[in-house]
There are 2 protein chains.
Amino acid sequence: MLDIPKRDRRAERRAATRAEILDAAWAQVRANGLAALSLRDLARTVGMQAPSLYSYFDSKHAIYDAMYAQGARQFVEAEPSDQPGDPLEGLKQLVRFYVGFCAADAARYLLLFQRTIPGFEPSAESFAISEGSLERVGQRMAACGITDPDAVDLFTAIGTGLTDQQLSNDPGGDRWIRLIDDAVEMFHDYMTKKAKQPPARRRAR
Amino acid sequence: MLDIPKRDRRAERRAATRAEILDAAWAQVRANGLAALSLRDLARTVGMQAPSLYSYFDSKHAIYDAMYAQGARQFVEAEPSDQPGDPLEGLKQLVRFYVGFCAADAARYLLLFQRTIPGFEPSAESFAISEGSLERVGQRMAACGITDPDAVDLFTAIGTGLTDQQLSNDPGGDRWIRLIDDAVEMFHDYMTKKAKQPPARRRAR
DNA sequence: TAGGGATATCTAACATAATTAGGATATTAG
DNA sequence: CTAATATCCTAATTATGTTAGATATCCCTA
């Protein structure tokens with residue numbers, strides 16, 4: 001206890017205020033929308049002046065990037081990893097998680113999965129955090145015997161469409177649970193049926 | 001020719017520069033992204049100073065609103081109205097149109113169907129222009145014998161999800177045509193099968 | 001315990017944005 | 001020809017992100 005180097009003390013404190021800034025940023029963004037992040041207001045709520053933030057973050061985009069990384073970390077940590085016995089149920093579980101995660105925090109959803117902030121693109125490191133989720137989807141589909149290369153894309157499209165629907169029409173409601181089960185079952189039925197069919201007819205071009 | 005009232009002449013000219021401003025706004029937005037609409041630049045390209053725009057539009061949001069209304073008008077005018085013989089083909093046609101329309105102009109799509117501009121919401125009048133499209137979807141689904149109240153929402157979700165996929169992964173490509181046909185067939189199969197089933201089991205809560 | 005270097009924060013200023021106020025100039029109407 | 005009006009301008013206001021440079025605060029060493 002006594003021999004904690006002062007240098008670490010300082011680094012600790014620095015990380016603490018960095019986190020405090022990020023928390024305040026989330027609060028502001030949740031209250032007024034993702035785009036409404038004012039450095040002046042942000043600095044004021046943490047008891048600073050605006051330029052002082054620049055010793056913690058290089059720019060406003062850097063703050064968004066840190067928020068992105070934080071959200072992505074939350075995403076991968078909350079993602080269900082144990083697959084239930086019924087593979088179809090596993091797919092449903094995944095989509096329920098995804099839509100539920102997004103609906104729980106609209107601002108976070110917009111930051112992570114829609115690109116709605118003018119010049120902002122997440123950095124490679126931040127983006128890498130959430131990589132691998134798509135592979136998990138592919139694994140669960142394979143467990144259901146679905147191997148069509150287009151299937152992941154179609155499935156993703158359904159998932160994001162449902163999320164959109166949920167967030168724009170009925171945020172906070174739970175009607176989407178019914179829709180998810182329907183959609184996943186529909187998807188599963190169709191893909192298994194299609195897999196049994198001959199070569200699969202292709203559209204001429 | 002000679003007896004055109006000067007007053008009409010003026011109104012005509014006024015409408016012309018209004019249209020010119022809107023055209024320049026579209027060009028700017030298509031070139032640099034939907035959010036990158038600068039009144040100064042906009043004014044410069046039409047040979048004005050920024051404040052002069054305010055005699056044509058009340059604010060920047062008013063410009064976005066006019067663009068929205070214009071895009072919505074394009075949408076309803078281009079929407080296929082004659083239903084083909086095969087009702088399933090009618091559904092496919094509608095989704096193909098929708099995704100194609102959106103993919104043809106990403107900026108217009110973002111303005112109309114995603115809410116990506118900070119404080120902007122289309123006015124009631126502008127929004128009303130595109131109303132009624134959903135009903136048309138419902139009609140075509142009814143022609144297929146699909147009457148489930150959730151079906152329209154699920155269908156819409158699939159459509160927007162596909163559009164998203166198309167625009168973010170393969171803008172300009174035509175892979176989505178295959179995906180659309182797949183998705184619509186899948187949807188149709190499932191809904192008709194479901195309609196034949198007994199009361200339909202509901203999830204307990 | 002006094003001084004020097006790093007650290008944290010500040011104030012002042014700049015560039016750009018949308019927007020408002022008020023004046024100058026041309027066009028129209030009586 | 002004169003008065004009104006429409007059209008555009010310049011100048012100023014407010015708010016933004018950001019930079020430059022100064023000032024205080026802390027920590028380690030002599």
Side-chain angles (χ1 to χ4, degrees), chain A residues 2-22 24-25 28-29 31-68 111 116-121 123, chain B residues 1-22 24-25 28-29 31-67 116-121:
Chain A
L2 287 168
D3 56 349
I4 295 178
K6 306 268 174 98
R7 184 157 298 169
D8 290 8
R9 258 292 151 67
R10 195 157 56 193
E12 202 174 294
R13 177 170 171 68
R14 193 172 172 75
T17 67
R18 229 185 104 100
E20 192 186 352
I21 292 172
L22 277 186
Q28 196 171 320
V29 141
N32 309 337
L34 183 59
L37 180 63
S38 159
L39 293 193
R40 279 176 163 77
D41 293 355
L42 183 54
R44 256 185 78 257
T45 68
V46 298
M48 281 181 170
Q49 292 293 330
S52 302
L53 296 176
Y54 281 78
S55 85
Y56 293 95
F57 299 94
D58 286 343
S59 68
K60 191 180 179 182
H61 280 355
I63 297 182
Y64 276 125
D65 192 60
M67 294 169 78
Y68 182 97
L111 180 58
T116 181
I117 293 166
F120 170 70
E121 286 288 322
S123 66
Chain B
M1 279 291 194
L2 288 167
D3 56 349
I4 295 178
K6 307 264 176 100
R7 183 158 300 168
D8 292 5
R9 248 337 186 2
R10 195 156 58 193
E12 200 173 297
R13 177 169 171 70
R14 193 172 174 75
T17 68
R18 230 186 102 100
E20 191 187 353
I21 291 172
L22 278 186
Q28 195 170 319
V29 141
N32 309 339
L34 184 57
L37 181 62
S38 157
L39 293 192
R40 278 175 162 75
D41 293 354
L42 184 55
R44 255 187 77 257
T45 67
V46 299
M48 280 182 172
Q49 292 293 327
S52 302
L53 297 175
Y54 282 79
S55 84
Y56 294 95
F57 299 95
D58 286 343
S59 68
K60 191 179 178 180
H61 280 356
I63 296 181
Y64 277 124
D65 193 61
M67 294 169 79
T116 183
I117 293 166
F120 170 70
E121 286 288 321

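In the text below, chain A, chain B and the rest are named by the order of the sequence lines, each starting its count at 1. All of these numbers come straight from a predicted model, not from anything done at the bench.
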| task | Give the rounded distance in Å between these two atoms: CD of A:E12 and P of C:dT7. | result | 17 Å
| task | State whether B:S52 places a side-chain N or O below 4.0 Å from either non-bridging phosphate oxygen (OP1 or OP2) of D:dT7. | result | no
Which pairs, protein N/O on one side and nucleotides 23-27 of chain C N/O on the other, fall under 3.5 Å?
none

| query | Which distance, rounded to the nearest 0.5 Å, do you find between the CZ of B:F120 and the CD1 of B:I63? | reply | 11.0 Å
| request: Please work out which residues in residues 54-67 of chain A have a non-hydrogen atom less than 4.0 Å from an atom of DNA chain D and list them by number. | output: A:Y54, A:S59, A:K60
| field | Nearest-nucleotide pick for B:P51, side chain only, options being C:dT11, D:dC8, D:dA11 | value | D:dA11
| request: Please list, chain by chain and in numerical order, all residues satisfying side-chain contact (heavy atoms from CB on, under 4.5 Å) with A:A24, sequence neighbours excluded. | output: A:L42, A:T45, A:V46
| Can you name the side-chain contact (heavy atoms from CB on, under 4.5 Å) partners of A:D41, sequence neighbours left out? | A:Q28, A:S38
| message | Expressed as a whole number of angstroms, how long is the span from A:R13:CZ to D:dC27:C1'? | response | 14 Å
| Which of these passes side chain to side chain contact (heavy atoms under 4.5 Å, CB included) with A:L111: A:L34, A:T116, A:V29? | A:L34
| CG of B:N32 versus P of C:dA17: gap in Å, rounded? | 12 Å
| Looking only at heavy atoms, which two atoms of B:A35 and A:P118 are closest? And how far apart? | CB-CG, 3.9 Å
| task | Give every residue pair that meets the side-chain hydrogen bond (donor to acceptor under 3.5 Å, both in side chains) criterion with at least one member in residues 56-66 of chain A, sequence neighbours excluded. | result | A:T17-A:Y56, A:D65-A:S123, A:D65-A:S126
| Is there a side-chain contact between A:L22 and A:F57 (heavy atoms, below 4.5 Å)? | yes
| field | Value in whole Å for how far the C1' atom of D:dT16 lies from CD of A:Q28 | value | 13 Å
| task | To the nearest 0.5 Å, tell me how far A:R18 CZ sits from A:S55 OG. | result | 10.0 Å
| said: On the nucleotide D:dA6, are OP1 or OP2 found under 4.0 Å from the side-chain N or O atoms that B:R14 carries? | reply: no
| said: Base, sugar-phosphate or nothing for A:G47? Non-hydrogen atoms, less than 4.0 Å. | reply: sugar-phosphate
| query | What distance do B:I21 atom CD1 and B:L53 atom CG have between them, rounded to the nearest 0.5 Å? | reply | 5.0 Å
| note | Residues passing the salt bridge (Lys or Arg N to Asp or Glu O under 4.0 Å) test with A:E20, sequence neighbours excluded, are none
| message | Checking B:Q49 now: which residues fulfil side-chain contact (heavy atoms from CB on, under 4.5 Å) with it, not counting sequence neighbours? | response | B:P51, B:S52
| Of all of residues 36-44 of chain B, which get a heavy atom below 4.0 angstrom from DNA chain D, listed by number? | none
